[in-house]
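Not measured: the values here are computed from a predicted model. Just so we're on the same page: letters track the sequence lines, and every chain starts at 1.
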Amino acid sequence: MAIFAGILAPYDYTEKNLQNRLQPPSSDHLFGTDHLGRDILTMVMYGARTSLFVGFVVVCISLAIGVTLGVLAGYYGGWLDEIIMRLTDSFLAFPSMFLALAITAFLGQGLKNMMLALIIVEWTVFARIARGSTLDVKTKGYVRASRWIGASNGYVMIKHVLPNIISPVLIMATLGIGNVILAAAGLSFLGLGVQPSTPEWGAMLDAGRTYVTTAPWLMLFPGLFIMTSVLAFNYFGDGLRDALDQKMKYTELEGRF
Amino acid sequence: MLKEYFIRRALYLLPVLIFISFMSFSLIYIAPGDPAEIMMTSPSGGYDEAAVEAFRIAHGLDQPFYIQYLNWLKHAAVGDFGYSYMSEQSVFETVLDAFRNTLTLSVLALAIALVIAIPLGVVSALKRNTVVDDACRFGALLGVSMPNFLQAYLMIILFSVIIHWLPASGFGHGTDISYMILPAIVLGTGSAAIMMRMIRSSMLDVMGKEYIQTARGKGMSEKIVIIRHALKNALVPVITVIGLSIGFLLNGSVVVETIFGWSGIGNLVVNSILSHDYMMVQGSVLFVAIIFLLINFFVDIVYVWANPEIRYDRNS
Amino acid sequence: MLKAENLHFVYTSGLIKTIKKAAVCGVDLEIFPGETVAIVGESGCGKSTLAKTLVQQLVPASGEVFFGGTKLTGMSWKNLRKFMGKIQLIPQNPDDVVDPKWTVERSVAEPFVICRGFSKEEILVNVDALFAEVGLSAEHKPRYPHELSGGELQRVVIARALALKPDLLVCDEATSMLDVSVQAFIVTMLKDIQKKRGLGLVFITHDLEVAKAVSDRVLVMYAGEIVEEGKDVFDRPLHPYTRALLDAVQYASLEVVLPEEGRALPDGFTGCSYCRLCRERTDACKEPQKLRDVSGRLVRCWKSK
Amino acid sequence: MSDVLLKVSGVSVTIPTGKGAVQAVDDAAFSINKHEVFSLIGESGSGKSILGQAIMRLLPPNAVFSGKVELGGTEISSLSEKEMQKVRGKTVASIAQNPYLAMNPGIRVGTQVAEPMRAHLGMSKKDSKARTCRALKYFDIIPAEVREREYPFQYSGGMLQRAMVAMGTAANPELIIADEPTKGVDVLKKRNIAAIFKKVSSDGCAFLLITHDVGFARAMADRIAVNYCGQIVEIAEKEAFFKEPLHPYSQALLDAVPERGMHPIPGLSPSMIEVPEGCRFHPRCPYKTDRCLTNPPVVELDGRSVRCWVYA
């Protein structure tokens with residue numbers, strides 16, 4: 001839906017019509033109109049684009065940074081591990097919202113800065129997960145065995161460690177997209193994310209605050225959409241985790257017979 | 001063992017503290033433009049050349065970066081975070097006041113979260129794959145996915161606008177509990193959802209352990225098996241969950257306090273950013289980070305202490 | 001072929017207060033081509049650690065390991081690579097040594113890939129030959145480790161170890177987790193392969209019956225030391241510890257429960273490490289014991305004649 | 001027949017898995033006399049542990065049970081869960097394989113050992129504590145008063161195993177079901193376990209030893225039952241069995257042990273999901289004939305029973 005916003009959307013999101021402002025949901029405007037007379041359904045559709053874009057890009061970049069550092073730290077251990085993990089701890093010491101807020105506050109408003117702030121907050125999650133799983137994989141016989149037939153560290157990390165830590169990382173990534181969408185919406189809601197004129201769910205909610213009692217649909221629809229999309233990612237992540245658990249359980253059971 | 005762990009954790013704390021102070025300090029430098037100009041920019045956008053110059057000298061901004069940092073650190077270490085440009089009040093005192101309010105709210109929210117999460121999490125695990133479990137899991141999923149601002153407004157509409165039970169927003173001088181109820185519920189239910197999921201999986205994990213089967217094999221009734229053998233072990237991880245929830249509560253406080261007009265630290269940060277009071281932002285962020293770090297340190301120690309296996313030395 | 005001189009290995013743990021635990025104390029041993037040597041002892045006697053130091057997976061605290069006259073200890077990893085395929089370790093848990101995310105075929109082919117210099121066709125032919133050698137059929141090849149039984153997986157591990165044409169296989173409790181019938185199969189197969197390829201086998205096991213059935217020579221380990229070494233150890237045990245082990249196998253004297261607590265020796269004690277539990281101990285056991293040659297047998301006990 | 005303690009007749013257990021239902025126990029029938037050590041031997045995955053769980057009625061919730069289990073004259077397979085709780089730990093106790101997994105890590109050992117006494121003998125806290133100390137001392141866990149207050153991880157493996165036996169025997173059960181007590185344990189520890197079991201059995205307690213360890217069964221058991229692929233294929237007195245095993249599988253199994261030359265059994269163990277038609281051993285059996293494709297009868301032969309066409 002996010003991809004086809006341009007085709008599906010009944011109106012142009014820039015189209016303002018002050019005669020039509022604050023219309024309740026009707027057959028013309030399925031979700032009503034906002035204070036500038038823009039169609040909320042259209043806005044929500046374009047907003048989906050922004051939110052999902054932010055979610056995917058932030059998670060992908062954080063994943064790349066976090067997994068690289070986490071695997072290096074876990075695999076080599078020693079002082080490298082100490083440095084990377086203390087760094088991670090330091091970033092984790094800030095409650096994520098505060099760190100993101102502070103960074104956007106000093107960098108200034110805007111989509112790019114907000115994404116940068118979210119990446120700075122999010123990579124630590126992946127670093128931690130990747131390091132923990134790597135430590136686990138490192139003790140496994142197959143790592144030692146392939147080292148013992150002469151494999152280099154790089155080979156072992158790419159061919160053995162990465163494939164074996166990827167499932168928890170992917171689960172985290174799926175849940176992470178939901179979290180990033182929530183956080184991005186939160187920042188925009190506080191007026192610190194994207195520019196208010198951009199169609200973004202959080203920003204729409206912010207704009208609707210003033211009309212919460214008179215025109216609640218201004219907030220309700222973007223809010224519901226945030227919730228549904230986050231719910232979808234969480235649900236998918238849970239399902240992924242259950243599926244992986246299940247697979248392990250079945251093989252365990254079959255192993256017994 | 002506990003002592004050694006304590007010392008090791010405390011040693012880890014040191015580089016982290018230095019690093020977070022450094023990060024907070026360099027926040028000003030990541031901003032495009034001259035820090036003095038940024039600091040002295042009034043909300044209207046203009047600034048006074050003389051004031052900027054005075055600020056630059058007063059704060060030693062003409063000196064090299066590391067000297068500035070060391071100077072700043074020297075002050076920060078004794079609780080001197082500077083003065084707000086806006087109100088000219090001590091940043092540290094303002095932050096401390098705000099944090100006290102946040103703490104009250106968080107404690108109430110945490111209590112709400114625990115009261116909801118523990119029984120539901122345990123019941124959900126015990127009634128695994130039944131309607132009860134499905135309902136609990138769906139509720140938790142909903143709670144995790146619900147943006148707190150949406151929930152906040154829904155609650156305001158319901159409790160304040162439609163049935164007029166509770167005030168929509170405000171602070172009530174920090175004593176009137178009715179102002180606290182709505183924000184605490186919003187914060188509490190959110191973290192209850194996270195906690196519940198963790199308690200459920202921890203409980204499921206324990207119920208699958210062999211010693212549970214042993215206890216059944218001894219002829220213990222299911223009630224005793226659950227209460228004495230399972231619950232005790234399942235609830236130890238809850239300590240870590242509380243640590244995590246504190247992070248969640250602090251994060252949530254930013255939005256929730258802003259909506260409900262509760263003068264806590266989240267509200268303070270947002271207002272300071274909007275009014276370009278950078279000194280205040282820097283101070284609050286550093287303060288929250290240190291507090292959060294210490295809480296997690298404490299939680300870790302308690303966790304180890306509650307775990308007899310780590311508490312005692314294996315070799316003795 | 002493989003020779004170890006005065007090997008020591010020490011585990012350290014703890015950050016502030018370091019705890020040191022010696023696992024291997026002064027082991028000398030030599031393995032000749034085509035020979036089967038069994039190293040027996042109870043769990044925790046250091047036999048697994050010895051195996052890992054022999055194959056250079058652990059770096060010994062002191063002492064040297066020679067392979068065909070070349071000193072392996074202290075060699076850089078790069079130089080060591082040449083010798084890696086020649087000595088292979090087969091550990092206890094086969095499911096730990098094959099990557100669970102790889103098909104077993106890929107695992108067996110891995111040594112060829114890592115060593116380079118093999119074309120795709122050569123690798124395929126070699127892998128097929130290895131699968132046939134350990135008695136696995138083509139239908140096993142595309143499977144993942146969790147789809148195979150323990151015995152089948154152990155065969156995959158052996159096939160992989162054989163890939164680089166080793167001169168020596170060190171089997172660390174390789175069959176002790178398997179059922180008797182599977183164990184019998186693996187052991188017979190290993191003996192066949194040995195005969196065909198003429199390689200040396202080191203069997204590390206706590207199962208005396210298996211040791212007796214397969215080995216030409218037996219080393220008995222206790223507390224990191226070799227206490228007895230020779231050819232017909234089980235028919236004519238000389239060291240009291242070996243006798244205790246043999247009693248245990250036959251479940252003799254069941255009324256006595258050997259306490260495993262209070263076995264630790266006082267610090268700085270240099271006498272016989274078994275004297276705490278030995279039923280024949282005298283004051284003379286407080287003296288350090290040397291491995292002595294007693295009619296073609298090495299025994300670490302002053303009493304044996 | 002007042003001598004019979006446990007009588008199992010026609011017990012079958014089916015467990016659904018992702019790849020199809022597994023009949024882990026098929027038509028098991030045997031009885032254990034009072035004071036007798038009865039050993040069920042078989043390879044891993046032959047369903048012997050499930051049979052132990054079925055007697056205790058502690059099967060996984062999705063398992064389907066049918067058949068009859070009588071213990072001391074009462075049919076325990078038809079008791080309610082409440083009544084069954086009074087039997088578990090009181091008349092029949094179980095001892096698990098791995099003491100570190102089977103003991104609750106968060107509860108003091110003494111408390112865990114005392115639990116059956118308090119539940120089944122109605123003892124007070126003080127009485128049960130004194131008795132626990134006595135029980136621990138009996139199994140050489142000394143000083144009992146100190147050890148009683150410790151947690152499982154503070155025990156060594158062998159000591160915890162003894163504590164587990166103390167826990168199993170705490171309420172003086174008449175039958176103990178021990179599941180793979182020697183798995184992954186070296187010779188000296190195996191002998192120690194044998195010694196403790198002998199001690200308990202000489203006090204008059206009957207044993208159902210479930211093990212894959214032929215040597216251990218030989219040292220301990222009075223009677224042997226051989227399990228293959230979910231079925232009991234042979235039941236015999238120990239001496240007779242080791243002298244002359246009747247069933248082809250029993251013969252092959254004994255030939256595979258190291259002392260008898262380690263002759264491998266040809267072929268692979270069949271998967272429990274697709275068991276062979278008729279006699280389950282026929283694809284690997286040297287005496288196979290056409291009639292082996294139909295279910296073999298259980299033949300009684302001078303006090304032994306064997307499930308094979310050769311003796312029909």
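Heavy-atom minimum distance, B/Pro147 versus A/Gly223: CG-O, 4.2 Å. Counting all heavy atoms, side chain and backbone alike, A/Leu101 lies closest to B/Val269 at CD1-CG1, 3.9 Å.
Using a 4.5 Å cut-off between heavy atoms, A/Phe233 does not touch chain B at all. Looking at B/Met23, only its side chain comes within 4.5 Å of chain A, counting heavy atoms on both sides. Contacts of B/Val270 with chain A are made by side-chain atoms alone, with heavy-atom separations under 4.5 Å and no backbone atom involved. At a 4.5 Å heavy-atom cutoff, the contact between B/Leu142 and chain A is made by backbone and side-chain atoms alike. For chain A, no part of B/Ser272 is nearby; none of its heavy atoms comes within less than 4.5 Å.
Within residues 85-99 of chain A, the residues having any heavy atom less than 4.5 Å from a heavy atom of chain B are, in residue-number order, A/Arg86, A/Leu87, A/Asp89, A/Ser90, A/Phe91, A/Leu92, A/Ala93, A/Phe94, A/Pro95, A/Ser96, A/Met97, A/Phe98, A/Leu99. Contacts with chain A (heavy atom to heavy atom, under 4.5 Å) involve no residue of residues 199-210 of chain B. Of residues 283-296 of chain B, those residues lying under 4.5 Å from chain A by any heavy-atom pair are B/Val285, B/Val288, B/Ala289, B/Phe292, B/Leu293. Within residues 179-190 of chain A, the residues having any heavy atom under 4.5 Å from a heavy atom of chain B are, by residue number, A/Leu182, A/Ala185, A/Gly186, A/Phe189, A/Leu190.
Note on A/Ala105, A/Gly191, A/Pro222, A/Ser229: by heavy-atom pairs under 4.5 Å with chain B, the leading option is A/Ala105. Interface remark: of the candidates B/Val144, B/Leu17, B/Asn251, B/Leu250, B/Asn251 forms the most heavy-atom pairs closer than 4.5 Å to chain A. Note: B/Ser145 leads B/Ser253, B/Ser145, B/Gly266 in heavy-atom pairs under 4.5 Å with chain A.
The shortest distance between side-chain heavy atoms of A/Phe106 and B/Ile273 does not fall below 4.5 Å.
The environment of CZ in A/Phe236 is sparse: at most 12 heavy-atom neighbours from other residues, nucleotides or ligands sit within 6.0 Å. A 6.0 Å sphere centred on OH of A/Tyr235 holds no more than 12 heavy atoms belonging to other residues, nucleotides or ligands.
Ion pairing of A/Asp238 with B/Arg197 is present here, as a side-chain N (NZ or NE/NH1/NH2) and a carboxylate O approach within less than 4.0 Å.
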